[in-house]
Amino acid sequence: MSLKLEHRTHRESLWRFLILIGLLIAYFAYMSWKFDAATGAWLSVLSWSFFVLCTPVADGGFIVAFPVRLLFGTRMIWTQVVVWAVAIAINLTALTIAPTAYDDSALTRLLQAILTQPWPYWSILLLSALGTGLSIWFGDEMMDVTGHHERKTAHKHGFKFKVIAAASLGVLTILAYYHLLSELGVAIPEG
C-alpha cells in the first residue's frame with residue numbers, strides 16, 4: 001500500500017498527518033521557549049500521550065500509524081496497539097521518576113489526574129481506546145478501498161454497512177465520552 005495522491009482519501013490523510021506533525025512541533029517549540037528544552041520535551045511527549053490515551057479518536061497515534069502504513073503496509077490498527085504501549089510506558093516512567101513533569105500545563109495535570117485515579121477516570125481511557133480503535137479501523141478500511149475494482153469488491157461484501165455501523169458506534173462513543181467528562185466534572189483548568 002503506497003501513497004497515491006490522486007486518491008482523495010490519501011490526500012486528506014497526508015494533510016491530516018502534516019497538520020498533526022506541525023502542531024506537535026509548534027507545541028514543543030512554544031513549551032521550550034516558555035520553559036526550557038527539557039521541560040518542553042517532557043510536556044510535548046506527555047501531551048502527545050494524552051491525545052493517544054485520553055481522546056476517542058486516533059490523533060496522537062495517527063502521527064506514527066500513517067507513515068508506518070505507507071512505508072511498510074502494516075495496518076494502522078496494529079501500529080496503534082504499539083503506540084498505546086509506548087504512551088503507557090512513557091507515563092509509567094514519568095509517574096515513577098518525574099511526577100512533577102505533569103505540573104507545568106493544564107493538559108498534563110489533567111492527564112496525571114486521569115492516570116492516577118482508576119475509578120472513575122479510567123473509564124475515559126476505555127472509551128478512548130474504543131473510539132480510537134474504531135477510527136483507526138475506519139481509516140484502514142478507507143486506505144484499503146482506493147481502486148475502483150477494490151470498491152466494487154468491498155461494496156459486494158457489505159462495506160457500506162460496516163462504514164455505517166462503525167460511524168454510528170464512533171459517534172455513540174464520542175457522545176458517551178463527553179457525557180462522562182461532564183458527569184465527572186472533568187474540565188481543563190485555565191492555566
Side-chain angles (χ1 to χ4, degrees), residues 12-69 76-118 120-136 138-139 170 173-191:
E12 289 172 357
S13 294
L14 179 62
W15 277 112
R16 180 177 171 204
F17 169 74
L18 293 173
I19 288 168
L20 288 171
I21 287 289
L23 287 172
L24 185 63
I25 291 168
Y27 186 73
F28 167 71
Y30 173 73
M31 287 300 177
S32 294
W33 171 76
K34 186 174 178 180
F35 298 105
D36 57 58
T39 304
W42 265 115
L43 290 173
S44 296
V45 168
L46 291 173
S47 296
W48 171 81
S49 75
F50 173 87
F51 288 107
V52 169
L53 299 173
C54 301
T55 59
V57 292
D59 38 21
F62 188 75
I63 292 172
V64 177
F66 180 69
V68 169
R69 171 75 191 244
M76 291 187 289
I77 192 71
W78 300 119
T79 306
Q80 189 68 30
V81 170
V82 173
V83 165
W84 265 69
V86 169
I88 290 168
I90 287 168
N91 281 283
L92 287 174
T93 302
L95 288 168
T96 303
I97 66 168
T100 58
Y102 293 90
D103 295 343
D104 293 321
S105 83
L107 188 65
T108 54
R109 286 191 301 272
L110 177 59
L111 174 62
Q112 186 180 36
I114 290 169
L115 295 176
T116 58
Q117 298 174 39
Y121 293 135
W122 282 10
S123 53
I124 293 170
L125 300 173
L126 293 174
L127 279 174
S128 296
L130 178 62
T132 296
L134 284 170
S135 67
I136 283 289
F138 185 76
T173 301
I174 290 171
L175 291 174
Y177 174 82
Y178 284 109
H179 176 71
L180 176 65
L181 289 179
S182 67
E183 287 294 313
L184 295 174
V186 174
I188 298 175
E190 293 185 26

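As a basis for the values below, the full set of heavy atoms in this structure was taken, side chains included, without hydrogen atoms, waters or symmetry mates.
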Applying side-chain hydrogen bond (donor to acceptor under 3.5 Å, both in side chains), can you list everything that pairs with [X], at least two apart in sequence or on another chain?
X      : result
Ser128 : none
Thr39  : Asp36
Thr108 : Ser105

Would you say that [X] contacts [Y] through its side chain, given a criterion of any heavy-atom pair below 4.5 Å between the two side chains?
X      : Y      : result
Gln112 : Asn91  : no
Tyr121 : Thr116 : no
Phe50  : Thr55  : yes
Thr132 : Trp84  : yes
Leu125 : Leu115 : yes
Val83  : Trp48  : yes

Measuring from atom [atom1] of [X] to atom [atom2] of [Y], what distance do you get when rounded to the nearest 0.5 angstrom?
X      : Y     : atom1 : atom2 : value
Ile114 : Cys54 : CD1   : SG    : 4.0 Å
Ile25  : Tyr27 : CD1   : OH    : 15.0 Å
Phe35  : Leu43 : CZ    : CG    : 6.0 Å

N/O donor-acceptor pair under 3.5 Å between Ser47 side chain and Ser44 backbone
no
